[in-house]
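Numbers restart at 1 for each chain; the letters A, B, ... are given by sequence-line order, proteins then strands.
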2 protein chains.
Amino acid sequence: MTIGTGTVFHLRSPLASYHLGVKQDVHQLAAQRLRRISQRYTAGRRRIVEVLAAAGHPLTIPEIVGSDSDLATSSVYRNLVTLEHAGVATRIVTSQEHARFELSEPFNRHHHHLVCVDCGKVDDFILPKGVEESLDSALRRAAQKEGFAPTDHRLDLTGTCPDCQAAG
Amino acid sequence: MTIGTGTVFHLRSPLASYHLGVKQDVHQLAAQRLRRISQRYTAGRRRIVEVLAAAGHPLTIPEIVGSDSDLATSSVYRNLVTLEHAGVATRIVTSQEHARFELSEPFNRHHHHLVCVDCGKVDDFILPKGVEESLDSALRRAAQKEGFAPTDHRLDLTGTCPDCQAAG
DNA sequence: TCTGAAAATGAGTATGCTTATCAAAAGATG
DNA sequence: CATCTTTTGATAAGCATACTCATTTTCAGA
Ligand SMILES: [Zn+2]
Ligand SMILES: [Zn+2]
Ligand SMILES: [Zn+2]
Ligand SMILES: [Zn+2]
């Protein structure tokens, strides 16, 4: 498969961990984005990308560190800052506990989050295309009115996940 | 003016600090919501509500403490947890620095946030009614599909505020 | 209006996530 | 290979927030 054909895989529901053609594409794109800011795609950074791609939902730093014994906590913190700055990883800020990370949009299809206020778990969901589009143009208009230069939007639905509903 | 008439004041643009009829209504509703969870509407809690209502945009805890010399930092932290639990204040979590707080939805009309990624400032904006409604029903459908019990949604537009555009 | 139990306060301290430090290791350059 | 630069990782430090507990305030009941 050639690079950049954009064949969409759906490895799990509701979202694939990434929607680039093959795993190689993920690493090539990550390396390219790091090069753009004069950073190397080192083994440690590659392992983090690997773990995030395999998870398919946002992970905390302890989860990332725990899933690969070669990863040192301090380096994971430092490298996630670098990966975020390079546009490879995205930080998901929830009100409690640890921050969570997932691969950024070119690696992951555009989506939003269901955030459980009890256990902190985060799951992905997508909006219908029409809703997303009307939302997007409304946001552009709102930003323009305020002189705000938008880069991205975040939409979270907060509530209680099925597990916590059953528990409490 | 009688309580609960719901006359809408617009004290500033784009959003009034609260849209209940008069200031007295704010405190009565706050007291009622605290009573519901067996908490008292003490002087310190009243001062916090006062400061948040006067600000008209989300404040950090240092800002709240600094705006009223009678407020102790530890009590403000503790009371904001209580006010949040009572449904009087809402915590706005941005990726950097301090959390920010504003009055909750019955005190404030429903709105969303422009978050500056450079300086952390948060401003309010509202979506056109139709967009908000189609978004809301799409969110309800998405939650139902996942067995998720939704309580609220958060929509942030991230980017650079006019000041930071000029500076950087 | 007293009175006493329960709740709230606030200054200080502890917790714990995150980031800075810095010597060692790895990689680039030529 | 020699040298310079970047990255690593164990440790320490920083810092927002939560906890502690003696004191103060509140409020229901006498
Ligand atoms: Zn949950
Ligand atoms: Zn996600
Ligand atoms: Zn700004
Ligand atoms: Zn707001």
Side-chain angles (χ1 to χ4, degrees), chain A residues 27 30-51 58-86 88-101 117 119-120 122, chain B residues 27 30-51 58-86 88-101 117 119-120 122:
Chain A
H27 293 304
Q32 173 192 320
R33 297 214 157 200
L34 282 164
R35 247 195 319 274
R36 207 188 290 168
I37 60 167
S38 304
Q39 295 285 326
R40 299 172 184 162
Y41 194 42
T42 63
R45 290 167 185 172
R46 189 186 178 97
R47 284 198 198 93
I48 292 172
V49 169
E50 202 85 45
V51 169
L59 297 181
T60 65
I61 283 181
E63 286 170 346
I64 295 169
V65 173
S67 66
D68 188 328
S69 59
D70 286 336
L71 290 174
T73 300
S74 63
S75 297
V76 171
Y77 271 101
R78 186 173 349 91
N79 281 329
L80 279 169
V81 171
T82 304
L83 290 171
E84 188 183 14
H85 186 229
V88 175
T90 300
R91 180 188 305 256
I92 295 168
V93 40
T94 67
S95 46
Q96 67 228 351
E97 48 149 2
H98 301 262
R100 286 171 182 269
F101 291 85
V117 294
C119 69
V122 177
Chain B
H27 293 304
Q32 173 192 320
R33 298 213 154 201
L34 283 163
R35 249 196 317 274
R36 207 188 289 169
I37 60 167
S38 304
Q39 295 285 328
R40 298 171 183 163
Y41 194 42
T42 63
R45 289 168 185 172
R46 188 185 178 97
R47 283 199 200 93
I48 293 172
V49 169
E50 203 84 45
V51 170
L59 298 180
T60 64
I61 284 183
E63 286 169 347
I64 295 169
V65 173
S67 67
D68 187 329
S69 59
D70 286 336
L71 290 174
T73 300
S74 63
S75 297
V76 171
Y77 271 100
R78 188 175 346 96
N79 281 330
L80 280 169
V81 171
T82 304
L83 291 171
E84 187 183 14
H85 186 229
V88 175
T90 300
R91 180 188 305 257
I92 296 167
V93 41
T94 66
S95 46
Q96 67 228 347
E97 49 154 0
H98 300 262
R100 285 172 183 269
F101 293 84
V117 295
C119 69
V122 177

Fill in: Donor-acceptor under 3.5 Å (Arg36(B) side chain, Ala86(B) main chain)
no
Fill in: Rounded (10°) bend between the five-pair end axes of the helix from dT1(C)-dA30(D) to dG30(C)-dC1(D)
40°
Worksheet entry | Heavy-atom contact window of chain B on DNA chain D, given 5' to 3' at under 4.0 Å | dA16(D) to dC27(D)
Worksheet item: Looking across every strand, which nucleic acid part, if any, lies under 4.0 Å from Arg45(A) by heavy atom: base, sugar-phosphate, or nothing?
Response: sugar-phosphate
Discussion item. Over all strands shown, is Ala99(A) touching base, sugar-phosphate only, or nothing at heavy-atom distances under 4.0 angstrom?
Written reply: sugar-phosphate
Taking side chain as C-beta onward, heavy atoms only, is [X] less than 4.5 Å from [Y]?
| X | Y | answer |
| --- | --- | --- |
| Leu80(B) | Ile64(B) | yes |
| Gln39(A) | His85(A) | no |
| Leu83(A) | Leu34(A) | yes |

Fill in: Interface residues of residues 60-84 of chain B with DNA chain D (non-hydrogen, below 4.0 angstrom)
Ser74(B), Tyr77(B)
Practice prompt. Whole angstrom is fine here: how far is it from CD1 in Ile48(B) over to P in dA8(C)?
Written response: 13 Å
Item to complete: Return no unless some side-chain N or O of Gln39(B) is found under 4.0 Å from OP1 or OP2 of dA8(C).
Response: yes
Fill in: From His27(B), Arg46(B), Arg35(B), residue fulfilling side-chain hydrogen bond (donor to acceptor under 3.5 Å, both in side chains) relative to Tyr41(B)
His27(B)
Discussion item. Minimum heavy-atom separation for Glu63(B) and Pro58(B), please, with both atom names.
Written reply: OE1-O, 4.3 Å
Worksheet item: Atom CG in Asp68(A), atom CZ in Arg47(A): separation rounded to 0.5 Å?
Response: 5.5 Å
